[in-house]
Number of protein chains: 2
Amino acid sequence: MEDVNLNQQPGEAAVPAATPIPRATLHDEVVGRLRDMIVEGALEPGIRVPERDLCARFGVSRTPLREALKVLASEGLIALLPNRGAQVTALTTADIDEMFPVMGALEALAGELTCARITDEEIAEIRALHYQMVLHYTRRELPEYFHLNQKIHERILEIAGNSTLTRMYAGLAGRVRRARYVANMTQSRWSQAVEEHETILDALAQRDGPRLAHILKMHLQNKCATVKESLEAEANAVSANSNDQI
Amino acid sequence: MEDVNLNQQPGEAAVPAATPIPRATLHDEVVGRLRDMIVEGALEPGIRVPERDLCARFGVSRTPLREALKVLASEGLIALLPNRGAQVTALTTADIDEMFPVMGALEALAGELTCARITDEEIAEIRALHYQMVLHYTRRELPEYFHLNQKIHERILEIAGNSTLTRMYAGLAGRVRRARYVANMTQSRWSQAVEEHETILDALAQRDGPRLAHILKMHLQNKCATVKESLEAEANAVSANSNDQI
DNA sequence: CATGGTCATTTTGAATGCAAAACAAGTTCA
DNA sequence: TGAACTTGTTTTGCATTCAAAATGACCATG
């Protein structure tokens, strides 16, 4: 595991503008990096990771690291067992069953708000994203498809213009992304998803808020089923001792 | 301001079971107490409160206090300005306009879920709470009314049986509570709220999920309007320099 | 009188140090 | 053999310490 010294300032100008600007404080930076590591699965759920190890990895002392752990715990990404350190929370199918309906309700609201505010230009923009996504679908390029898919949902949230809504949704989506990272879709699920996206675009273009809300809610329900199927398939394939967790 | 030493353990058994069990760790305890202080308005929004002061108040060192600040910041209750300390976030009418629709969407979902699961006994329980609340309404006992009102909403969330949903709702409700604390209702708003609660109870008893969802969404919209009215009235009454904040 | 600048003080951000709790390995005893 | 106890080590929770940034007072300059 490569060491990454956060308070590096040797090159200074050598840092390309592309790298996400190191946040003002160390603990903020650590929160971001740890969150990424967790989402990307670099840290196994349920396994104890001593603070010292993480400190060494990030090149910071325990103080900012511990602050970061507290924040991530309040977000639900990790669990803090008193006197026993932190561990990444395992995402069970029960958790998925809880989270997707909430995301569905949030996206439904976003759909309604967005229909009331969206401009013609924004509709055109989403249409472009949509057909780009469809292209990736016809080419069976799953990662690219996922990326565009996510971008469309993000854009709808964004246009809704409710930052509280966006923040809450992002919190859930971040946790779920870990599951969706490993998820594989069946062909029928995939084509179903694309069909639903057609109707999403249509409802958006017609600015039919209630219809879009309903479609999104259903769409999230289907996503939930897809993720769970894939999760269970994986669990069965891997072994019997794996306990529906990722 | 009275000092409250958190790591007290002189009496041990002397602590009555009524006091909320001191949490395992100091920082957890501090998070809880600070949150309460903020919600109850003991800390003015926008005013800088040095860490040392808070430490002295709680009788802890800066380490657990700072950890608590980070957590509350991630919840949105306070803002952390780098190198400039923390301050309670002011709740603007714009924030209220953002939060209530989200709470509405969450409660609507809770309503649907609850209708699908609620037992006869639980309906009876909520009915009891409801009529107790109505009693306080007829007696014009606002604080007691508020308490029962809140309890009914909490109970619906709880029966929905989705802990993620409950947690997200609680996060928003906590922030809004600060506003509702100071909010006064007009008579017409109050009677409207009670009427709406009648329909809530009715939809629950009939287990009509979609109807309950719709009612709750509307109910929250009206609550939003009520809070804003009261907030604006207050702002006008107090002075012109107050900037829609509490 | 206002504006800008220097320096002491305060306050924050992060590192280090210390005590208590958990852990692990060996040891005793049934 | 195996369960319970002991002891040394590790790890966590918190306090303290140190350095950098911000604040504020004072002074100089236009």
Side-chain angles (χ1 to χ4, degrees), chain A residues 1 3-10 12 21-35 43-74 77-89, chain B residues 1 3-10 12 21-34 38 43-74 77-89:
Chain A
M1 207 56 70
D3 271 28
V4 189
N5 198 324
L6 292 187
N7 38 11
Q8 41 103 53
Q9 44 193 28
E12 283 290 341
I21 319 157
R23 286 185 256 280
T25 60
L26 236 36
H27 90 262
D28 255 4
E29 179 72 24
V30 173
V31 166
R33 296 226 194 178
L34 258 179
R35 197 185 351 243
L43 258 39
E44 294 275 304
I47 293 181
R48 189 169 172 177
V49 183
E51 294 174 2
R52 298 277 301 266
D53 290 13
L54 290 175
C55 291
R57 249 195 250 191
F58 289 122
V60 301
S61 79
R62 282 179 58 219
T63 306
L65 182 97
R66 285 172 55 79
E67 289 171 354
L69 290 179
K70 302 286 182 297
V71 170
L72 293 174
S74 92
L77 273 171
I78 63 176
L80 246 35
L81 323 198
N83 290 316
R84 293 184 188 192
Q87 55 183 53
V88 177
T89 52
Chain B
M1 209 55 73
D3 271 29
V4 188
N5 198 325
L6 292 185
N7 38 13
Q8 41 102 53
Q9 46 191 32
E12 285 289 339
I21 319 156
R23 287 185 254 279
T25 59
L26 274 187
H27 85 263
D28 257 3
E29 179 71 23
V30 173
V31 166
R33 296 227 195 177
L34 257 178
I38 292 170
L43 258 40
E44 294 275 305
I47 292 180
R48 189 169 174 175
V49 182
E51 294 175 1
R52 297 277 303 267
D53 290 12
L54 291 175
C55 291
R57 249 193 250 192
F58 290 123
V60 302
S61 80
R62 283 180 57 220
T63 306
L65 182 96
R66 285 173 57 77
E67 289 171 353
L69 290 178
K70 302 285 182 298
V71 170
L72 293 174
S74 92
L77 273 172
I78 63 175
L80 245 36
L81 323 198
N83 291 316
R84 292 186 191 189
Q87 55 182 54
V88 176
T89 52

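None of the values given here were measured: they were computed from a predicted structure. Here is the naming used below: chain letters follow the sequence lines, and residue numbers restart at 1 for every chain.
- Distance CD (Glu29(A)) to C1' (dA14(C)): 15 Å, rounded to an integer number of Å.
- Every side chain to side chain contact (heavy atoms under 4.5 Å, CB included) that Arg62(A) has, sequence neighbours left out, goes to Glu51(A), Arg52(A), Cys55(A), Arg66(A).
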Worksheet item: Which letters describe nucleotides 16-21 of chain C, given B = protein heavy atom under 4.0 Å from base, S = only from sugar-phosphate, - = neither?
Response: BB---S
Sequence neighbours left out, cut at 3.5 Å: what donor-acceptor pairs do the side chains of residues 77-88 of chain A make with other protein atoms?
none

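- For the pair Glu67(B)/Lys70(A), a side-chain contact is recorded, criterion being any heavy-atom separation below 4.5 Å from C-beta on.
- Evaluation of the side-chain hydrogen bond (donor to acceptor under 3.5 Å, both in side chains) rule for Thr63(A) yields no partner, not counting sequence neighbours.
- Rounded to the nearest 0.5 Å, atoms OG (Ser74(A)) and CG (Leu69(A)) are 11.5 Å apart.
- A side-chain contact (heavy atoms from CB on, under 4.5 Å) with Leu54(A) holds for exactly one of Val49(A), Val30(A), Val60(A); it is Val49(A).
- Note: CG (Asp28(A)) to C1' (dA14(C)) measures 14 Å, nearest angstrom.
- DNA chain D is contacted by both Glu51(A) and Pro64(B); Glu51(A) maps to the nucleotide lying nearer its 5′ end (nearest heavy atom per residue).
- One interatomic measurement links the two molecules: CG of Leu81(A) to P of dT11(D), which rounds to 16 Å at whole-angstrom precision.
- Contact of the Leu34(A) side chain with the Leu43(A) side chain is registered, since non-hydrogen atoms from C-beta on lie closer than 4.5 Å.
- Within the model, atoms CG of Leu65(B) and CZ of Arg33(B) stand 12.5 Å from one another, a figure rounded to the nearest 0.5 Å.
- For the pair Phe58(B) CZ and dA15(D) C1', the computed distance is 18 Å after rounding to whole Å.
- Each of Arg84(A) and His27(A) has a nearest nucleotide on DNA chain C; the 5'-most of these lies closest to His27(A).
- The side chain of Arg48(B) contributes an N or O atom lying less than 4.0 Å from OP1 or OP2 of dT23(D).
- For the segment residues 65-73 of chain B, no residue has any heavy atom less than 4.0 angstrom from an atom of DNA chain D.
- At whole-Å resolution of the value, CD in Gln87(B) and C1' in dT12(C) are 14 Å apart.
- Distance Leu54(B) CG to dT12(C) C1': 13 Å, rounded to the nearest Å.
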